[in-house]
**Student:** 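Got a structure here, written out as structure tokens. Questions coming.
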Amino acid sequence: MADDKQYTFENETFKKTYWHTCSHIMAQAIKRLHPEVKLAIGPAIDNGFYYDIDAPFTFTPDMFAEIEAEMKKITKERIPLERFELPRAEALEFMKDEPYKVELINDLPEDAVISFYRQGDFTDLCAGPHLNTTGYVKGNAIKLTSVTGAYWRGDSSRKMLQRIYGTAYQTKEELEAYLERVEEAKKRDHRRIGKELGLFMLRDEGPGFPFFLPNGMVLRNTLIDYWRQVHKKYGYVEVSTPMMMNRQLWERSGHWDHYKNNMYTTVIDDVDFAIKPMNCPGGMLVYQSEPHSYRDLPLRVGELGLVHRHELSGALHGLFRVRCFTQDDAHIFMTWDQMKDEIKNVVRLFDEVYSVFGLTYQIEVSTMPEDHMGDEKDWDFATETLKAAVEELGKDYIINEGDGAFYGPKLDFHLADSLGRTWQCGTIQLDMQLPERFELEYVGEDGQKHRPVMIHRVVLGSIERFIGVITEHYAGAFPLWLMPTQVKVMTITDRTADYAREVAAKLEAAGIRVELDLRNEKIGYKIREAQSKKTPYMLIVGDKEMENGGVSVRDRKGVETKMTQDEFLAKCLEEIATKAQ
């Protein structure tokens, strides 16, 4: 293969092809070692590949080395991967000993092309694509990572299979770097840090419904205060819409027909109601509540709305995938002529917010899907306006063809954290359909009634998920302005307790969040405990500090400084005001 970016992991298509080939190599290796197993499916995924296997024994991690060794042999054999097709009857006969493959073939449409890939003594039902030979995979850069249970076709009524996960890179060094990132990510797991710092908890009594604890509420409320501050600056008003509304509303919005299985419903006074999975329909009613003129537009309406969605229990994951969350929504109602400027205004707001957290991003433009609603001319205008707005701000973007919402094109913002992992948080969606469904109007300069166009947008995505993201981004060591406990004042001896209280009171009066540690414990123990809680500043108060009216400041990195009380207070206030990282 040519030494070109086309054949490196910078090319997403090549990377997925590489990993898909690795899944076949793993299946071939397992079949050589354990011919009795039956194979299900083996796709490439975001960080590697897996294969679902039906075996009469349990695979364990201590079996991985043997499988990896066999995979390495297969790469050294440089076996060609050859594609061929068979008619349905021949395909079923060919796969008669592989019941999962037979089921997949039977489920294909009558006119489907049934293709296979052969690599030496192993053949798999597969649409491809694949590398030309197993020799293009580096055998010393393959790692099997875990094994879990997985129901066949995700159906809990079907057999539980064993899913073996793996990853692979083009060099051993790249693999090692990836595995180091994985280990670092484990240390940063927001579920572990959330428990250690007393931020939130998850209980079996409410799966997918997180409990926020006192420290978590300080963090959450500080984040929300900032959200309100920045939205006021950018000209938004805030509303709150009901959490539950009747079936008629959800039928009008289209959710009852297209989203009902993900909604929690009930009956009140013989009328069907649903808990809102989205804030948008309530926002339409707010707009409808009074007449509007072109002079009122653009109208920027924000809402921190608690929404509920029925997620499958197997998909729940800490704060990243929950069943209730607070969406930091906004709906912007505008004329078509105002569209570009409003998109630019939202992108500027996103820029300001993300930079505060040290997060960079990649913009993705998602275009018209096949099942779209509305006139294609409107779609083309909206899509080109999105692109032009981003270009005029000097931003790069990539195209995600056909992945727009059914009601309009969108911009997705993929944030990169301190480990280089990406998170899809911010979204700007143009909507030409809900204003039509709800018959929204404004009186134009010509005195006639017109239909506004609208933007749906979220910056953080959801408060809960964003807290999970920044917890892992900062590894729990939040910047001073966000940290639940900003300063811990601790005494060396009981003699300085009153002075410690005086120091703490002065800081609290200035709005600093302070904890006092007056326990009769060794100072080293107190410091280690405060450091384990990621406390930004520890003020150590002893006889000398009490005599000169100062404080001994130790930050969470271990740097110590002597300061006056006023110097330390000024330092804290400056860090908080600038939201220093």
**Student:** Closest approach of R501 and L516, non-hydrogen atoms and distance?
**Tutor:** CG-CD1, 3.9 Å
**Student:** Only pairs at least two apart or in different chains count here, so list each salt bridge (Lys or Arg N to Asp or Glu O under 4.0 Å) that has a residue in residues 226-237.
**Tutor:** R228-E238, K233-E352
**Student:** Does the R556 side chain pair with the main chain of K534, one donor and one acceptor, at a distance under 3.5 Å?
**Tutor:** yes
**Student:** Are a donor atom and an acceptor atom from the side chains of T496 and E545 found within less than 3.5 Å of each other?
**Tutor:** no
**Student:** Evaluate whether atom OH of Y151 has more than 12 neighbouring non-hydrogen atoms of other residues, nucleotides or ligands under 6.0 angstrom away.
**Tutor:** no
**Student:** Test your reading of the model: is there a side-chain donor-acceptor pair from K344 to the backbone of E392, 3.5 Å cut-off?
**Tutor:** no
**Student:** List the atom of A510, the atom of L569, and the distance in Å for their closest heavy-atom pair.
**Tutor:** CB-CD1, 3.6 Å
**Student:** Of R181, R188, K186, which is the lone residue that meets salt bridge (Lys or Arg N to Asp or Glu O under 4.0 Å) with E184?
**Tutor:** R188
**Student:** With K571, which of E574, E575, E567 fulfils salt bridge (Lys or Arg N to Asp or Glu O under 4.0 Å)?
**Tutor:** E575
**Student:** Got a donor-acceptor contact below 3.5 angstrom from the Y397 side chain to the L411 backbone?
**Tutor:** no
**Student:** Parallel, tilted or perpendicular for F320 and W423, by the 30°/60° rule?
**Tutor:** tilted
**Student:** Any side-chain donor-acceptor pair under 3.5 Å between T564 and D566?
**Tutor:** no
**Student:** Measure across D555 and Q531 and return the closest heavy-atom pair with its distance rounded to 0.1 Å.
**Tutor:** O-NE2, 4.4 Å
**Student:** State which residues pass side chain to side chain contact (heavy atoms under 4.5 Å, CB included) with H414; sequence neighbours excluded, sorted by chain then number.
**Tutor:** E364, D412, Q424
**Student:** Go through it in stages, so that I can follow the logic: the residues are F350 and Y361, the test is ring pair (Phe, Tyr, Trp, His ring centres under 6.0 Å), and I'd like the CA-CA distance, side-chain angles, deciding distance and then a yes or no.
**Tutor:** CA-CA 10 Å; F350 282 22; Y361 61 79; 7.9 Å; no
**Student:** Return the minimal non-hydrogen interatomic distance between Y165 and T148, and the atom names on each side.
**Tutor:** CE1-OG1, 3.6 Å
**Student:** Apply the test side chain to side chain contact (heavy atoms under 4.5 Å, CB included) to residues Q581 and Y474: give CA-CA distance (whole Å), side-chain angles for both, the deciding distance (0.1 Å), then the verdict.
**Tutor:** CA-CA 9 Å; Q581 290 290 304; Y474 292 120; 3.1 Å; yes
**Student:** Distance alone, cut at 3.5 Å: any donor-acceptor contact between the side chains of E176 and Y169?
**Tutor:** no
**Student:** I'd like to know if the side chain of T265 reaches the main chain of A274, judged simply by a donor and an acceptor atom lying under 3.5 Å from each other, with no hydrogens or angles considered.
**Tutor:** no
**Student:** Not counting sequence neighbours, which residues clear side chain to side chain contact (heavy atoms under 4.5 Å, CB included) with A416? List them please.
**Tutor:** T360
**Student:** For the residue pair Y264 and F209, does the interplanar ring angle fall in the parallel (under 30°), tilted (30 to 60°) or perpendicular (over 60°) class?
**Tutor:** tilted
**Student:** For N548, I'd like to know if atom CG has over 12 heavy atoms of other residues, nucleotides or ligands within 6.0 Å.
**Tutor:** yes
**Student:** Using the six-membered ring wherever Trp is involved, compare the ring planes of F200 and F212 and label them parallel, tilted or perpendicular (cut-offs 30° and 60°).
**Tutor:** tilted
**Student:** Output yes when E560 and R554 qualify as a salt bridge under the 4.0 Å nitrogen-oxygen rule, no when they do not.
**Tutor:** yes
**Student:** Output yes when E174 and K15 qualify as a salt bridge under the 4.0 Å nitrogen-oxygen rule, no when they do not.
**Tutor:** no
**Student:** According to the ring pair (Phe, Tyr, Trp, His ring centres under 6.0 Å) rule, which pairs have a member within residues 509-551, sequence neighbours left out?
**Tutor:** Y537-F568
**Student:** D189: which residues meet the salt bridge (charged side-chain N to carboxylate O under 4.0 Å, His left out) condition with it, sequence neighbours left out?
**Tutor:** R191
**Student:** Taking N279 as the fixed residue, which of T326, T241, D329 is the one that meets the side chain to side chain donor-acceptor pair (under 3.5 Å) rule?
**Tutor:** D329
**Student:** Let me check something: any side-chain donor-acceptor pairs from residues 475-486 under 3.5 Å, sequence neighbours excluded? List them with distances.
**Tutor:**
{"unit_1": "T485", "atom_1": "OG1", "unit_2": "E515", "atom_2": "OE2", "d": "3.0"}
{"unit_1": "Q486", "atom_1": "OE1", "unit_2": "R513", "atom_2": "N", "d": "2.8"}
{"unit_1": "Q486", "atom_1": "NE2", "unit_2": "L480", "atom_2": "O", "d": "2.9"}

